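Keep in mind that this is a model prediction, so the values were computed, not measured.
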Amino acid sequence: MARRRLAAVSLAAVATLALAACSSGGGSPSGSGSTEAAPVTGGTLNMLGAGDVDYMDPNISYYSVGYLNLRMWSRQLFTYPAEPGGENTKPVADLATEIPTRDNGGISADGKTYTIKIRPGAQWNTSPARQVTAADMVRGVKRTANPVQPFGGIPDFANLIVGYKAFADGFAKVDKTPAAIQAYVDKTPLPGVVAKDQTTVVFHLTQPATYFVDMLTLPAFSPAPAEVLKYLPASTELGNNFPSDGPYKVDSWVPTKSISYSRNPAWNASTDPVRKAYVDKIVVNETVSQDSVQQQLQTGTPAADLEFDVGPPPSQLPALIAKKDPNLNLGPTASSNPYVVYNTASPNNNKALANPKVRQAISYAINRDHVLQVLGGPTVNPPLTHVLPDNILGSKQIDPYPYDVDKAKQLLAEAGYPHLTLKFLYRNASEGGSKAFQTIQQDLSKAGITVVGVPSPNADFYVKYLQVPSVARRGVWDLSLAGWGADWYGNAALSFFNPLFSGAPSYPPIGSNFGLYNNPAANALIDQAAKATTEDQAADLWAKADAQVMADAPFFPLTNPKNANYHAPQVNNAVYVPSLQMFDPTNVWLAKDKQGG
């Protein structure tokens, strides 16, 4: 799964979990093996996976698996629907009563003020249950900047929401205790997010942003009730006590082991146009290997209905596709997943990776075709040779690093590093991650580069390695696989460049610039493109930013894959939602004779 990124991303974790897949739409309306013509209510949906969410905290999670979890119990002003056969990439009103426009008064004439009404009857499962309010929305946005674990996609909006950067800078200096955090949240205004009255929230922007409604689909912009301030952000304790405003509530979360959800008695279907919530309970087992998940789903094993954070093993995809398995879905992602990220701050090899020529050499030495083959084949992994996928505004086809071992050797010699030994961080719980590492290891050896593996459990990959800049600066890793998906769709280049390539402001934990890349020329182009007044102007500037980043070679893109997902035959209405990179669990139902516990 990719960081969103997302977006998660994104935002996020990586095609190393199984990302390969092919062309398809949004899933079948009934699912295979179904006998019911109409939806059936009841039963327990059992989901199987090999890893965990990043954070059980809506204002912080930035990982597609985290978003999948939040779909069950956290709502946003706007979200993506789960319409059978639909693209499901155009936002719809969720907690909001409608999409704001200039015509309905939701957007000001200058495009810099958004006024949004919250849907009456949407409630928290507090005691007693109460209405979700505009004050809760303000509190949620404030929490994204908390000093314990700030949201990874902050670069998307740090300079867009009036006063946010100053608010965040102040928050970063606050003691990392619940009392200090609560005091700052309660006493410090955020001028760009204001509760006009109980159910009206107003956003003030520094500039027009035609993508702002799309941005508000990010779970980071979820409301947060006052009760959450009793706990440390991102803590296990908070994850087991965060009130729900969705159809389910979290009964138990044991990190890396299990998650259990049951119906939220405060949720009313009439207030939620997106989630049907057919099943009574959802249980996630996070201790199953990728191969075992696939085997159990295919063979009808009891307590096996849907994947959680894995997809079909890449080696099995060609056969599943060839036989047109009706339980397989191959959906779009708008992602760069996986890509190889270079640690530009590594002290290893006398700081060789700080030299763009060395990074360019590595890019020439990686055979993209070889990597895509072990991820499921080129049909299911169309190559991506630059930053932006072709379904994002500003994407312009360039291929600056075609496979060329001789060119790689030449550049390494010119840079004074004819032989390198590089540490490659990868997730070892998936076939795709392990095989991609092995393939790159073999390719780079042909250019005189020795690659040593640094295997990581899925749960540690981001939170203990990539999201911790000191780990990069110590040289724990030199290369890694990572993945990124659009935080929204269409006019979404900002959600690639700001979190991944915009210099120091995008360094973890604020951003997801894991290799700590920083070039003033790229930063200037990103800033210009973000302020473009027309989509045509933006597209031209994003293409220039793309070319600049590729010239600097802070990463090596591989593919904008389709995402492969598989479900058991008893699962009906398995609708793929790109933002979740999965079927939507809140809209499936189980065949009546298969509603096990």
Side-chain angles (χ1 to χ4, degrees), residues 3 8-12 52-63 66 69-70 74 135-158 161 163-193 218-243 250 253-256 345 459-474 476 499 504-514 516:
R3 285 191 77 77
V9 310
S10 255
L11 242 229
D52 203 1
V53 302
D54 56 344
Y55 305 105
M56 185 74 74
D57 189 327
N59 305 121
I60 297 170
S61 180
Y62 199 35
Y63 177 25
N69 151 69
L70 293 170
S74 175
D136 296 330
M137 285 301 313
V138 175
R139 188 178 300 108
V141 179
K142 286 181 174 182
R143 290 188 73 251
T144 61
N146 79 84
V148 176
Q149 179 58 60
F151 172 58
I154 283 175
D156 281 349
F157 53 82
I161 296 174
Y164 183 92
K165 190 172 187 310
F167 177 88
D169 289 346
F171 212 165
K173 301 171 185 175
V174 168
D175 287 343
K176 298 177 181 180
T177 65
I181 290 170
Q182 179 170 0
Y184 188 82
V185 168
D186 288 346
K187 297 176 182 177
T188 311
L190 175 53
V193 190
L218 286 170
F221 290 101
S222 302
E227 286 83 350
V228 304
L229 297 179
K230 295 187 295 184
Y231 307 96
L232 273 182
S235 65
T236 302
E237 188 179 20
L238 173 62
N240 280 285
N241 289 281
F242 203 118
V250 177
W253 172 45
V254 183
T256 75
D460 293 347
F461 186 74
Y462 279 108
V463 297
K464 293 187 179 179
Y465 287 98
L466 293 186
Q467 284 188 312
V468 186
S470 61
V471 172
R473 292 191 176 101
R474 291 203 314 270
V476 174
S506 60
Y507 290 175
I510 299 295
S512 298
N513 182 353
F514 304 126
L516 309 182

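- Looking at F514 and Y507, their side chains never come closer than 4.5 Å, going by heavy atoms from C-beta outward.
- Atom CZ in F151 sits 7.0 Å away from atom CZ in F221 (nearest 0.5 Å).
- Checking side-chain atoms of N59 against main-chain N and O of R143 turns up no donor-acceptor pair under 3.5 Å.
- Looking at heavy atoms from C-beta onward, D156 lies in side-chain contact with P499 at the 4.5 angstrom threshold.
- Using a 4.5 Å heavy-atom threshold, the side chains of S222 and L70 count as separate.
- In this structure, M137 and P223 have side chains that are in contact, with non-hydrogen atoms separated by less than 4.5 Å.
- Ring pair F167/F171 is perpendicular by interplanar angle, where above 60° counts as perpendicular and below 30° as parallel.
- Closest approach of G66 to D54, counting heavy atoms only: CA-OD1, 4.0 Å.
- With rounding to the nearest 0.5 angstrom, the CD1 atom of I510 is 4.0 Å from the CD1 atom of I154.
- A distance of 12.0 Å separates CD in Q182 from OH in Y231, rounded to the nearest 0.5 Å.
- A side-chain donor-acceptor contact under 3.5 Å links K142 to the backbone of V185.
- Between the CZ atom in F461 and the CD atom in Q467 there is a gap of 11.0 Å [rounded to 0.5 Å].
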Please list, one pair per line, the donor and acceptor atoms closer than 3.5 Å that link side chains of residues 234-242 to other protein atoms, with sequence neighbours excluded.
{"from": "S235", "atom 1": "OG", "to": "L232", "atom 2": "O", "distance (Å)": "2.7"}
{"from": "S235", "atom 1": "OG", "to": "L238", "atom 2": "N", "distance (Å)": "3.1"}
{"from": "N240", "atom 1": "OD1", "to": "W253", "atom 2": "N", "distance (Å)": "2.8"}
{"from": "N240", "atom 1": "ND2", "to": "T236", "atom 2": "O", "distance (Å)": "3.1"}
{"from": "N240", "atom 1": "ND2", "to": "W253", "atom 2": "O", "distance (Å)": "3.1"}
{"from": "N241", "atom 1": "ND2", "to": "E237", "atom 2": "O", "distance (Å)": "2.7"}

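- Scanning for salt bridge (Lys or Arg N to Asp or Glu O under 4.0 Å) contacts around D136 gives R139, with sequence neighbours left out.
- When atom types are taken as modelled, the side chain of D175 and the backbone of A180 share no donor-acceptor pair closer than 3.5 angstrom.
- Atom CG of D460 is separated from atom CG of L466 by 11.0 Å, given to the nearest 0.5 angstrom.
- Applying the salt bridge (Lys or Arg N to Asp or Glu O under 4.0 Å) criterion to K176, with sequence neighbours excluded, gives no partner residue.
- When side chains are defined from C-beta on, N146 does not count as touching V174, because their heavy atoms never get closer than 4.5 Å.
- If you take OG1 on T144 and CD on Q149, they are separated by 12.0 Å, rounding to the nearest 0.5 Å.
- No side-chain heavy atom of P155 sits under 4.5 Å from any side-chain heavy atom of P505.
- Put simply, the side chain of S61 never gets that close to the backbone of D57: no donor and acceptor are under 3.5 Å apart.
- Of all the heavy atoms in V141 and Y164, the pair that sits closest is O-CE1, 4.0 Å.
- P469 places a side-chain heavy atom less than 4.5 Å from the side chain of P508.
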